[in-house]
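To find a chain, count down the sequence lines: A is the first, B the second, and so on, and within it residues start at 1.
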Amino acid sequence: MPQTITVTIKNGKATVETQGFVGETCKDATRDLERAMGMTTADVPTPEMHNQARVDIRN
Amino acid sequence: MSHVASVECRITDLEALKVAADKLGFEFVEDQKTFKWYGRWLNDWSDRSRGAVFKGHNPKTFGKCSHALRLKSRSGMDYEVGIVPAPNGEEGYDLIYDSYGPGRNLESVGGKDMSKLSNEYLATKAEGELERRGYRVEREDEQGVITLVARK
């Protein structure tokens with residue numbers, strides 16, 4: 001799956017969603033973006049981020 | 001999806017604000033230290049979800065600003081938007097304006113609570129940051145929602 005960042009902006013707030021990233025790389029990809037826009041008020045990991053952690057443990 | 005983050009707008013980049021303001025129909029007046037409003041605080045605002053006072057701004061400072069925004073299509077009666085340092089030592093700026101009477105003209109351009117202007121500022125910042133990192137950005141505007149999709 002190609003890496004995609006989707007920013008949805010409404011009422012002075014933005015939601016930043018990543019797709020195609022695995023593990024913590026998703027946060028690295030958007031950290032500067034979020035900081036540039038303002039204050040991050042919530043951050044919810046999705047199953048892909050946890051998948052990478054499980055692979056690392058097996059290795 | 002890998003993660004979903006929620007971000008609240010904080011204006012820190014005046015150059016991006018200039019771009020956003022110009023796009024909507026405002027003129028950015030650098031170093032204008034006062035902005036036009038009714039001129040007297042009446043303490044008649046009851047909506048605690050809005051209002052500069054409820055965000056920590058002192059009414060004694062109303063009308064003063066670091067820079068200002070005025071309508072490009074202005075008349076002599078128009079109010080202006082003050083670009084004011086955020087209160088309590090926080091980083092960035094707030095957009096302060098009187099929403100009564102002539103203030104409605106400001107909201108017709110910038111949105112209620114300057115939400116349209118904030119949205120455009122966020123889009124300007126996001127597009128710039130994503131393009132700097134090598135992403136190709138597609139933008140869609142629909143019914144007050146701006147969606148940016150960035151791919152490498």
Side-chain angles (χ1 to χ4, degrees), chain A, chain B residues 1-13 15-17 20 49-50 55 86 90-95 110-152:
Chain A
M1 176 186 275
Q3 295 178 343
T4 305
I5 298 174
T6 302
V7 183
T8 306
I9 300 166
K10 182 181 176 182
N11 295 330
K13 295 182 175 67
T15 301
V16 180
E17 301 177 54
T18 56
Q19 288 179 303
F21 294 84
V22 182
E24 295 283 328
T25 59
C26 61
K27 290 196 174 184
D28 294 335
T30 64
R31 184 174 295 116
D32 290 344
L33 170 64
E34 294 169 34
R35 195 174 294 142
M37 290 193 290
M39 299 178 294
T40 300
T41 56
D43 194 330
V44 180
T46 58
E48 278 178 345
M49 203 165 90
H50 294 306
N51 285 346
Q52 180 64 47
R54 288 199 287 275
V55 170
D56 286 342
I57 290 169
R58 281 201 294 273
N59 288 338
Chain B
M1 289 188 280
S2 304
H3 84 287
V4 181
S6 300
V7 180
E8 197 161 308
C9 179
R10 169 59 84 194
I11 293 172
T12 55
D13 182 345
E15 290 304 314
L17 181 61
S49 68
R50 305 175 64 198
K55 293 179 183 177
E90 295 172 30
E91 185 190 10
Y93 297 89
D94 284 341
L95 302 174
K112 184 179 172 184
D113 297 331
M114 292 296 119
S115 57
K116 272 181 75 176
L117 179 54
S118 296
N119 290 349
E120 197 58 48
Y121 170 84
L122 285 169
T124 301
K125 286 296 290 181
E127 280 181 284
E129 186 64 30
L130 288 164
E131 286 170 357
R132 254 192 301 278
R133 294 170 70 91
Y135 286 89
R136 182 175 45 87
V137 183
E138 293 174 3
R139 170 172 171 160
E140 187 179 290
D141 291 53
E142 191 171 350
Q143 296 183 339
V145 180
I146 300 173
T147 303
L148 306 175
V149 179
R151 297 183 181 91
K152 276 195 177 175

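- Contacts classified as salt bridge (Lys or Arg N to Asp or Glu O under 4.0 Å) and involving residues 142-152 of chain B (residues at least two apart or in different chains) are given here: E138(B)-R151(B).
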Test side chain to side chain contact (heavy atoms under 4.5 Å, CB included) on T4(A) and V149(B); report intermediate values, then the result. CA-CA 7 Å; T4(A) 305; V149(B) 179; 3.7 Å; yes
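- With a threshold of 4.5 angstrom between heavy atoms, N119(B) approaches chain A through its backbone and through its side chain.
- Counting heavy atoms from C-beta outward, T41(A) and V7(B) have side chains that stay 4.5 Å or more apart.
- V4(B) has its side chain out of reach of V16(A): every pair of non-hydrogen atoms, C-beta onward, lies at least 4.5 Å apart.
- Between the CG atom in L130(B) and the CG atom in L33(A) there is a gap of 5.0 Å [rounded to 0.5 Å].
- The side-chain contact (heavy atoms from CB on, under 4.5 Å) with I9(A) is formed by just one residue from the set T147(B), D141(B), I146(B), V145(B); it is I146(B).
- Annotation: side chain to side chain contact (heavy atoms under 4.5 Å, CB included) contacts of E90(B) (sequence neighbours excluded): R10(B), A86(B), N88(B).
- Looking at T25(A), neither its backbone nor its side chain comes within 4.5 Å of chain B, counting heavy atoms on both sides.
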Just do the side chain to side chain contact (heavy atoms under 4.5 Å, CB included) check on V44(A) and H3(B) with the steps written out, would you? CA-CA 5 Å; V44(A) 180; H3(B) 84 287; over 6 Å; no
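- Taking every heavy atom of both residues into account, T12(B) and A36(A) meet most closely at OG1-O, 4.4 Å.
- Distance check, rounded to the nearest 0.5 Å: OG1 of T8(A) to CD of E140(B) gives 10.0 Å.
- The closest side-chain heavy-atom distance from D32(A) to E129(B) is below 4.5 Å.
- Options G128(B), G144(B), A126(B) differ in how many heavy-atom pairs under 4.5 Å they form with chain A, and the most are formed by A126(B).
- At a 4.5 Å heavy-atom cutoff, the contact between R133(B) and chain A is made by side-chain atoms alone.
- Between chain A and the residues G92(B), C9(B), A150(B), S118(B), the most heavy-atom pairs under 4.5 angstrom are made by A150(B).
- Chain A forms more heavy-atom pairs under 4.5 Å with one residue of K116(B), K125(B), E120(B), E91(B) than with any other, namely K125(B).
- Residue E131(B) qualifies as enclosed at atom CD: its count of foreign heavy atoms under 6.0 Å is above 12.
- Rounding to the nearest 0.5 Å gives a distance of 12.0 Å between OG of S6(B) and CE of M39(A).
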